[in-house]
Asker: 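This structure is in structure tokens; I'll ask about it shortly.
Residues take their numbers from the sequence shown, with the count starting at 1. Note that these values count all heavy atoms, side chains included, but never hydrogens, waters or copies made by symmetry. All ligand and atom numbering here is 1-based and tracks the order in the structure.
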Amino acid sequence: MKLKIAIQKSGRLNEDSVKLLKDCGIDLKNGVNKLKTESDNFPMEIYFLRDDDIPQYVEDAVADIGIVGENVLLEKNKKADIVEQLGFGKCRLSVAVGRSEKYEGVQFLEGKKIATTYPLLVQRFLDINKINAEIHEISGSVEIAPGIGLADAIVDLVSSGSTLFMNGLKEVETVLQSQAVLIRNSQLGAGQQEILDKLLFRIRAVKKARNNKYILLNAPNDQLEEIIRLLPGMKSPTVLPLADPGWSSVHSVLNENEFWDIIEKLKSAGAQGILVVPIEKMII
Ligand code: ATP
Ligand code: ZN
């Protein structure tokens, strides 16, 4: 019994998807077959596909699970369950208009032409906002549409905004926030579900580890209490005596979000020789 997973063949999600499997300890065979491979050490078969096709394959159970952008999943409107957000491929689907346009709200779009590769999501956005507009579905290079007179506005994926900027556009509304998600066929068999649970356990450990850092520092003993108070740790920090009798070594785990804030406080509390180390896996 094997779990079949569909991932993007090439493009923005390919590398991170492969890396996630690798970080989960799943080795992929380096075969000549570019469409399909398997793992030596985990009951998994990997299909490499265009991202647009992944929701359909998962709905049809050709693949049991898949990794795809939430934006693609919602646009394709296929039946598949989201089981986990994966924290990469982050972007947003946004409305953009010419930089010199006076944009004062969604009403701007009334009666206008909008170019996009996401007709379904755009129509839904227009319906929610009670706007009538004409959607022009195009298959790529959406950002040039206003410049060549094809549309008054576009709806496209944005991460840094530099593509919009280079094309004389400005971002004015967010239609959807997106990231890569793990999806599952909604009638997965018990055997496949069991393998998926194993995979999920590993994915969660990898995600946790990516969001946390291991920190080691030296603390003067008279400041130890205050420094320990600043550290959350998994249970409580580890404290070891140093050869120098006035000092201790303190070890703990810090979350990425509070990291810089806490480091600063530790320094002002007298901590020295602060080392920050990546964590490979984290199980709590
Ligand atoms: P394919 O050949 O598989 O159809 P594609 O050209 O449709 O690939 P990519 O450009 O590789 O797709 O993007 C894949 C996914 O990466 C997007 O659907 C989206 O979820 C995510 N993504 C993250 N940032 C961006 C960005 N700035 N622009 C486009 N996609 C992004
Ligand atoms: Zn695509």
Side-chain angles (χ1 to χ4, degrees), residues 4-23 28 33-37 45-60 62-63 65-97 99 114-125 135-147 151 153-184 203 207 210-211:
K4 291 175 281 179
I5 184 172
I7 64 173
Q8 194 188 23
K9 183 179 169 67
S10 63
R12 290 172 195 265
L13 299 182
N14 168 269
E15 216 173 283
D16 285 333
S17 304
V18 171
K19 179 153 193 314
L20 178 65
L21 295 179
K22 229 173 140 186
D23 288 351
L28 308 192
N33 193 338
K34 291 268 163 60
L35 179 70
K36 197 173 112 178
T37 187
E45 220 164 56
I46 300 94
Y47 290 78
F48 298 99
L49 300 166
R50 283 204 55 192
D51 66 347
D52 312 68
D53 298 333
I54 292 176
Q56 180 78 62
Y57 277 88
V58 172
E59 179 181 303
D60 296 345
V62 176
I65 61 171
I67 296 179
V68 71
E70 227 172 332
N71 53 307
V72 172
L73 177 69
L74 294 173
E75 176 64 31
K76 299 296 170 190
N77 207 13
K78 300 293 174 199
K79 218 166 76 224
D81 313 331
I82 294 182
V83 270
E84 188 79 8
Q85 302 203 306
L86 299 175
F88 60 83
K90 284 190 179 160
C91 57
R92 50 198 187 273
L93 189 64
S94 292
V95 182
V97 300
R99 210 175 304 147
I114 306 170
T116 188
T117 47
Y118 291 87
L120 191 104
L121 292 177
V122 173
Q123 190 58 59
R124 203 173 282 167
F125 175 79
I135 298 173
H136 273 240
E137 183 180 356
I138 52 179
S139 59
S141 304
V142 173
E143 65 282 356
I144 64 168
I154 65 164
V155 175
D156 204 8
L157 293 178
V158 183
S159 45
S160 70
S162 60
T163 309
L164 293 183
F165 185 81
M166 280 191 303
N167 286 281
L169 301 173
K170 63 178 175 188
E171 191 177 350
V172 292
E173 301 281 345
T174 307
V175 175
L176 177 82
Q177 296 278 358
S178 180
Q179 62 176 290
V181 289
L182 186 72
I183 58 171
R184 170 188 65 178
I203 287 178
K207 271 176 65 184
R210 285 180 184 173
N211 288 332

Asker: Tell me which one of V158, L49, D52 gets a heavy atom nearest to atom 4 (O) of ligand 1.
Answerer: D52
Asker: Considering the heavy atoms of S159, write down every atom of ligand 1 situated less than 4.0 Å from one of them.
Answerer: 26 (C), 27 (N)
Asker: Where is the tightest heavy-atom contact between L121 and V175, given as atom of each residue plus distance?
Answerer: O-CG1, 4.2 Å
Asker: Taking non-hydrogen atoms only, is R12 closer than 4.0 angstrom to ligand 1 via side chain, backbone, both or neither?
Answerer: both
Asker: Counting each atom of ligand 1 from 1 as listed, which ones have a heavy atom of L157 under 4.0 Å away?
Answerer: 17 (C), 18 (O), 19 (C), 28 (N), 29 (C), 30 (N), 31 (C)
Asker: Would you say Q179 touches ligand 1, if touching means a heavy atom closer than 4.0 Å?
Answerer: no
Asker: Looking only at side-chain N and O atoms, does N71 offer a donor or acceptor that is under 3.5 Å from a partner on E75?
Answerer: no
Asker: Measure across I54 and I67 and return the closest heavy-atom pair with its distance rounded to 0.1 Å.
Answerer: CD1-O, 3.6 Å
Asker: Could you tell me which atoms of ligand 1, counted from 1 in the order shown, lie closer than 4.0 angstrom to a heavy atom of G11?
Answerer: 11 (O)
Asker: Could you tell me which atoms of ligand 1, counted from 1 in the order shown, lie closer than 4.0 angstrom to a heavy atom of G69?
Answerer: 20 (O)
Asker: Taking OH in Y57 as the centre, count heavy atoms belonging to other residues, nucleotides or ligands within less than 6.0 Å. Is the count above 12?
Answerer: no
Asker: Classify the contact between N71 and ligand 1 as side chain, backbone, both or neither, using a heavy-atom distance cut-off of under 4.0 Å.
Answerer: side chain
Asker: Could you walk me through whether E59 and K76 satisfy the salt bridge (charged side-chain N to carboxylate O under 4.0 Å, His left out) test, starting with their C-alpha distance in whole Å, then the side-chain angles of each, then the deciding distance to 0.1 Å, before giving a yes or no?
Answerer: CA-CA 11 Å; E59 179 181 303; K76 299 296 170 190; over 6 Å; no
Asker: NZ of K22 to CD of E15: how many Å apart, nearest 0.5 Å?
Answerer: 10.0 Å
Asker: Could any protein non-hydrogen atom be found less than 4.0 Å from atom 20 (O) of ligand 1?
Answerer: yes
Asker: Specify the protein heavy atom at minimum distance from atom 9 (P) of ligand 1: its residue, its atom name, and the distance to 0.1 Å.
Answerer: Q8 NE2, 3.8 Å
Asker: I want to know if ligand 1 touches S178 in the polar sense, i.e. an N/O pair below 3.5 angstrom.
Answerer: no
Asker: Out of the N/O/S atoms in D51, what is the name of the one closest to the Zn ion (ligand 2)?
Answerer: OD1
Asker: Report the name of the N/O/S atom of D52 located nearest to the Zn ion (ligand 2).
Answerer: OD1
Asker: Taking R92 for its side chain and S159 for its backbone only, find out whether a donor-acceptor pair lies under 3.5 Å.
Answerer: yes
Asker: Any chance the side chains of T163 and E143 put a donor and an acceptor closer than 3.5 Å?
Answerer: no
Asker: Would you say S17 and F88 make side-chain contact, with heavy atoms under 4.5 Å?
Answerer: yes
